[in-house]
Structure formats: C-alpha cells, structure tokens
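On a predicted model such as this, the values are computed, not experimentally measured, just so you know.
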Amino acid sequence: MHTIHYYLLLQIVISIIYSTHRADATALTYNVAASEKACFYTSIDKPGKKIGFYFAVQQGGSFDIDYDITGPDGVSILNGEHERQGDYVFTANSVGEYSFCFSNDMSTFVDKLIDFEITVENEVRPNFQKDASGREQPAKLTEMEESLFRLSGSLTHIARTQKYFRTRENRNAATVASTEDRILWFSFLESVAIVVMACLQVIVIKNFFKTKKGGV
C-alpha cells in the first residue's frame, strides 16, 4: 500500500515539474561524411526563450568536429573548431530560424558519428505584483515550488552526466576496437616476416653447401 502511494506521489511531482518547465527537444544521431557540412534548424516564435545545444562525437578520427550556431540575422552566436563535445545554453533574443551546423572539412576519408540535442525551453515565470508606488515586488516561492525547481535542476544534471558517460563509453569502445585491429595486423605482418626470414635462411644455407660443378 505504501508503494502505491509512493508511485502516485512520484507521478504527481513529475507532472508538476513538466507543467512548470516545458521544453521541446530534438535528439538525433547523424553521420557526417568526409568534407560534408550538415545543418539543422529550429524556429523561435517569441524572444526570450532559452535554447540548449548539446553534441558529442561518438566515432571517427580524433573524435572532433567543427560547429557553428547562427541566428536569424546570419550572425554567428557560437562556434568552435576541433571540438569533441559541447553543452551550451543561450537566450534567443530574435524571432526566426536558428541554424546549427557541423562541418567535417578537416577529414578527407573519415566520417564522424555525432549525437546532438537541440532543446527550446519555455520556463513559466511567476507574475510579479506591483505595490502602490508601481514597484514590482519579488514573488514568494512556496516550499513545494522550491523543491520542484531543485529537483528539476538535479534531473538535468543527471541527464547530462548520463550523456557524458555514454560518450566516454563509446569512445573507449572505439579505441579498444581500433587497438585490436592494429594488434591483429601487426601479428599478421610479424608472422609473414618470420616465414620470409625462414625461407631466406633455407635458401642461403642451401646455396652455401651446394657443390659447384667441376669442384672437388
């Protein structure tokens, strides 16, 4: 009985969190080919919204890529070169379409597999009341609201930590696979070299003891 009450309370808390902090998120995995530039877009209908942008290179080369975030006016907001991952949040001050581009011009043959997420957050802010003089009074948050905001921040931190460890796991797995391939090819070449050296030794020794025609 206590377990049922616990789950009901947990569902109520989660529903309240999502009602007070709404976010439209797009999480994708994309393979950026060599010398390719891939762009993705999101639209903002009113200024003041927060845009979250997260990306991580999972496979390919040195696990790095170039990125560029451009606003509706064509001005670059954030950009970087040879970055392995990033997690940014900025305020959209203009209405329109924002572009998020990845460039793999640094690679001639190697593709890059990236995970990225674009989040448009719309936080419900409290209404400030004005006193007789027209000044806005600070809103008083109840203990439940404060607990919900703290819980929301903790959930966001947990989600980012999970993304970080997932990226580390994928990179370590790729490193192990690459090391295994190198060991395999090194062992194969070493075996071929041993066989070739053995054959050469047999030929040299055979020629050394071979009696020339007309000899004693």
Side-chain angles (χ1 to χ4, degrees), residues 17-18 20-125 149 152-182:
I17 290 175
Y18 279 103
T20 57
H21 185 275
R22 294 177 297 173
D24 299 327
T26 301
L28 296 173
T29 298
Y30 185 78
N31 185 59
V32 184
S35 303
E36 179 187 2
K37 182 178 181 181
C39 294
F40 304 87
Y41 305 89
T42 186
S43 297
I44 300 298
D45 54 359
K46 61 180 180 180
K49 289 187 175 181
K50 292 183 179 180
I51 299 179
F53 177 58
Y54 167 84
F55 73 92
V57 183
Q58 303 293 343
Q59 294 180 4
S62 300
F63 304 98
D64 58 348
I65 201 166
D66 301 340
Y67 72 94
D68 186 20
I69 303 175
T70 307
D73 53 0
V75 178
S76 178
I77 300 174
L78 291 171
N79 60 77
E81 296 180 353
H82 304 282
E83 297 288 342
R84 293 190 170 190
Q85 67 182 59
D87 191 0
Y88 308 100
V89 177
F90 62 93
T91 302
N93 296 320
S94 302
V95 177
E97 192 174 62
Y98 289 77
S99 63
F100 303 81
C101 297
F102 298 99
S103 177
N104 196 20
D105 291 336
M106 68 185 79
S107 299
T108 307
F109 305 102
V110 180
D111 297 347
K112 303 291 179 64
L113 183 66
I114 58 174
D115 286 346
F116 67 96
E117 182 177 3
I118 301 173
T119 306
V120 179
E121 301 177 354
N122 185 17
E123 295 183 353
V124 179
R125 300 181 179 180
F149 281 116
S152 176
S154 299
L155 291 176
T156 302
H157 178 71
I158 292 173
R160 292 180 178 177
T161 303
Q162 289 178 337
K163 293 177 183 178
Y164 171 76
F165 282 112
R166 180 188 176 189
T167 301
R168 289 292 301 271
E169 180 183 3
N170 291 336
R171 290 177 181 174
N172 292 336
T175 302
V176 170
S178 177
T179 304
E180 289 178 349
D181 292 339
R182 293 179 182 180

Mind checking what makes side chain to side chain donor-acceptor pair (under 3.5 Å) contact with Thr161, not counting sequence neighbours? none

Of all pairs that satisfy disulfide (SG to SG under 2.5 Å), the ones with a partner from residues 76-108, not counting sequence neighbours: Cys39-Cys101

Qualifying residues under side-chain contact (heavy atoms from CB on, under 4.5 Å), relative to Thr29, sequence neighbours excluded: Leu113, Asp115

Can any side-chain N or O of Glu180 pair as donor or acceptor with the backbone N or O of Ala177 at less than 3.5 Å? no

Donor-acceptor list for residues 89-99 side chains, cut-off 3.5 Å, not counting sequence neighbours:
unit_1	atom_1	unit_2	atom_2	d
Tyr98	OH	Ser94	N	3.3
Tyr98	OH	Ser94	O	2.8

Sequence neighbours excluded, which residues qualify as side chain to side chain donor-acceptor pair (under 3.5 Å) partners of Ser76? Asp68, Asn79

From CA spacing to verdict: side chain to side chain contact (heavy atoms under 4.5 Å, CB included), Phe53, Leu78: CA-CA 10 Å; Phe53 177 58; Leu78 291 171; 5.8 Å; no

Quick one: list whatever passes ring-ring contact (aromatic ring centres under 6.0 Å, His included) with Tyr67, sequence neighbours left out. Phe55, Tyr88

Minimum side-chain heavy-atom gap Arg84-Ile65 below 4.5 Å: no

If we only count heavy atoms from C-beta on, is the Asp111 to Val32 side-chain gap below 4.5 Å? no

The criterion is side chain to side chain donor-acceptor pair (under 3.5 Å); which residues satisfy it with Ser103, sequence neighbours excluded? Asp105

Taking the side chain from Lys112 and the backbone from Asp64, do they hold a donor-acceptor pair closer than 3.5 Å? yes

Once side chain to side chain donor-acceptor pair (under 3.5 Å) is applied, do any residues pair with Asp45, and if so which ones, sequence neighbours excluded? Lys49

Quick one, Ser107 and Asn104 - any side-chain contact, counting heavy atoms below 4.5 Å? yes

Does the pair Asp66/Lys37 count as a salt bridge with the N-to-O cut at 4.0 Å? no

Identify, with sequence neighbours excluded, every residue that meets side-chain contact (heavy atoms from CB on, under 4.5 Å) alongside Ala173. none

Applying side chain to side chain contact (heavy atoms under 4.5 Å, CB included) to Val75 and Thr70, what does each step give before you reach the verdict? CA-CA 6 Å; Val75 178; Thr70 307; 5.8 Å; no

Pairing residues for Arg168 by the salt bridge (charged side-chain N to carboxylate O under 4.0 Å, His left out) criterion, not counting sequence neighbours: none

ring-ring contact (aromatic ring centres under 6.0 Å, His included) partners for Tyr30, two or more places apart: Phe40

If you look at every heavy atom in Arg166 and Gln58, which pair is closest and at what distance? O-OE1, 4.1 Å

